[in-house]
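I have placed the structure first, in the form of structure tokens, so that the comments after it can refer back to it.
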Amino acid sequence: MGPDDKICYCYHVSLRKLYHFARRERLQRPSQMSDCLGAGTGCGWCIPILCKLHQRVAEGWQLDGSTPLEGLPENATDYAAARQSYIKSDKKNTFDADDASS
Ligand code: FES
């Protein structure tokens, strides 16, 4: 997935926006990622990715394309399809870390 692909479909928040928000604000807790345009406060699909992004930014991960963020599929189409499956399932808001990559 590219930096301008949406991570939070409910609030249309891109990976780039979330990455820069996490770096700029130096967030103490993953839940603070929701302060970026409400990301994660809708269906809950993106919460595992928001948590992973928060962790990796704190570790110094760079959004330069050299190392993909773990848990994200290679392309946005697969990510969108996985989210559609999540929306249709009864797994909403279960926050399984494997959901985002399946
Ligand atoms: S996709 Fe982020 S809350 Fe629904």
Side-chain angles (χ1 to χ4, degrees):
M1 289 181 58
D4 294 315
D5 289 327
K6 284 184 283 187
I7 296 299
C8 182
Y9 273 79
C10 291
Y11 293 98
H12 310 283
V13 188
S14 69
L15 177 59
R16 183 187 309 276
K17 194 166 291 274
L18 288 160
Y19 169 77
H20 287 294
F21 178 80
R23 283 193 52 161
R24 185 181 62 241
E25 300 298 326
R26 300 175 190 250
L27 307 177
Q28 299 300 306
R29 297 178 306 281
S31 62
Q32 292 174 297
M33 294 292 284
S34 66
D35 292 341
C36 184
L37 303 174
T41 61
C43 69
W45 161 251
C46 62
I47 289 175
I49 294 298
L50 297 179
C51 292
K52 175 61 74 176
L53 181 58
H54 172 265
Q55 173 194 346
R56 297 294 282 128
V57 167
E59 295 169 351
W61 179 78
Q62 300 286 314
L63 183 64
D64 59 7
S66 60
T67 308
L69 186 67
E70 304 89 0
L72 286 178
E74 283 191 28
N75 62 64
T77 303
D78 291 346
Y79 186 75
R83 187 206 177 230
Q84 278 302 318
S85 296
Y86 169 81
I87 292 295
K88 292 176 184 172
S89 76
D90 58 355
K91 296 173 66 178
K92 288 191 235 16
N93 297 317
T94 57
F95 311 124
D96 183 346
D98 294 332
D99 285 350
S101 59
S102 61

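Computed from a prediction, not measured in an experiment: that's the story for all the values here. Positions are given from 1 along the sequence.
A distance of 13.0 Å separates CG of L63 from NZ of K17, quoted to the nearest 0.5 Å.
Residues S14 and P3 come closest through the heavy atom pair CB-O, 3.8 Å. Among all heavy-atom pairs drawn from W45 and A82, the shortest one is CH2-CB, 3.6 Å. Closest non-hydrogen pair, N75 versus D78, comes out as OD1-N, 2.7 Å.
Residues I7 and L15 form a side-chain contact, since some pair of their non-hydrogen atoms from C-beta on lies under 4.5 Å apart. Side-chain contact between R83 and C10 is present, with at least one heavy-atom pair separated by less than 4.5 Å.
Partners of E70 under the side chain to side chain donor-acceptor pair (under 3.5 Å) rule, at least two apart in sequence or in another chain, are R56. In this structure T67 satisfies the side chain to side chain donor-acceptor pair (under 3.5 Å) test with no other residue, sequence neighbours excluded. Under the side-chain contact (heavy atoms from CB on, under 4.5 Å) criterion, S85 pairs with no residue at all, not counting sequence neighbours. Partners of F21 according to the ring pair (Phe, Tyr, Trp, His ring centres under 6.0 Å) rule, which considers only residues two or more places apart in sequence or in another chain, do not exist here. In this view, D35 satisfies the side chain to side chain donor-acceptor pair (under 3.5 Å) rule with no residue, not counting sequence neighbours. In this view, A39 and C8, V13, L18, L50 satisfy the side-chain contact (heavy atoms from CB on, under 4.5 Å) rule, not counting sequence neighbours. Taking the side-chain contact (heavy atoms from CB on, under 4.5 Å) definition, one finds that K6 meets it with Y9, H12, sequence neighbours left out. By the side chain to side chain donor-acceptor pair (under 3.5 Å) test, Q32 pairs with no residue at all, sequence neighbours left out. The salt bridge (charged side-chain N to carboxylate O under 4.0 Å, His left out) search around D4 returns R16, not counting sequence neighbours.
Note on residues 52-77: pairs passing ring pair (Phe, Tyr, Trp, His ring centres under 6.0 Å), not counting sequence neighbours, are Y19-W61. Within the structure, the salt bridge (Lys or Arg N to Asp or Glu O under 4.0 Å) test picks out no pair touching residues 22-34 (sequence neighbours left out).
Without hydrogens or angle criteria, Y79 side chain to L72 main chain gives no donor-acceptor distance under 3.5 Å.
Residue Q28 places its CD atom among 12 or fewer non-hydrogen atoms of other residues, nucleotides or ligands, all under 6.0 Å distant.
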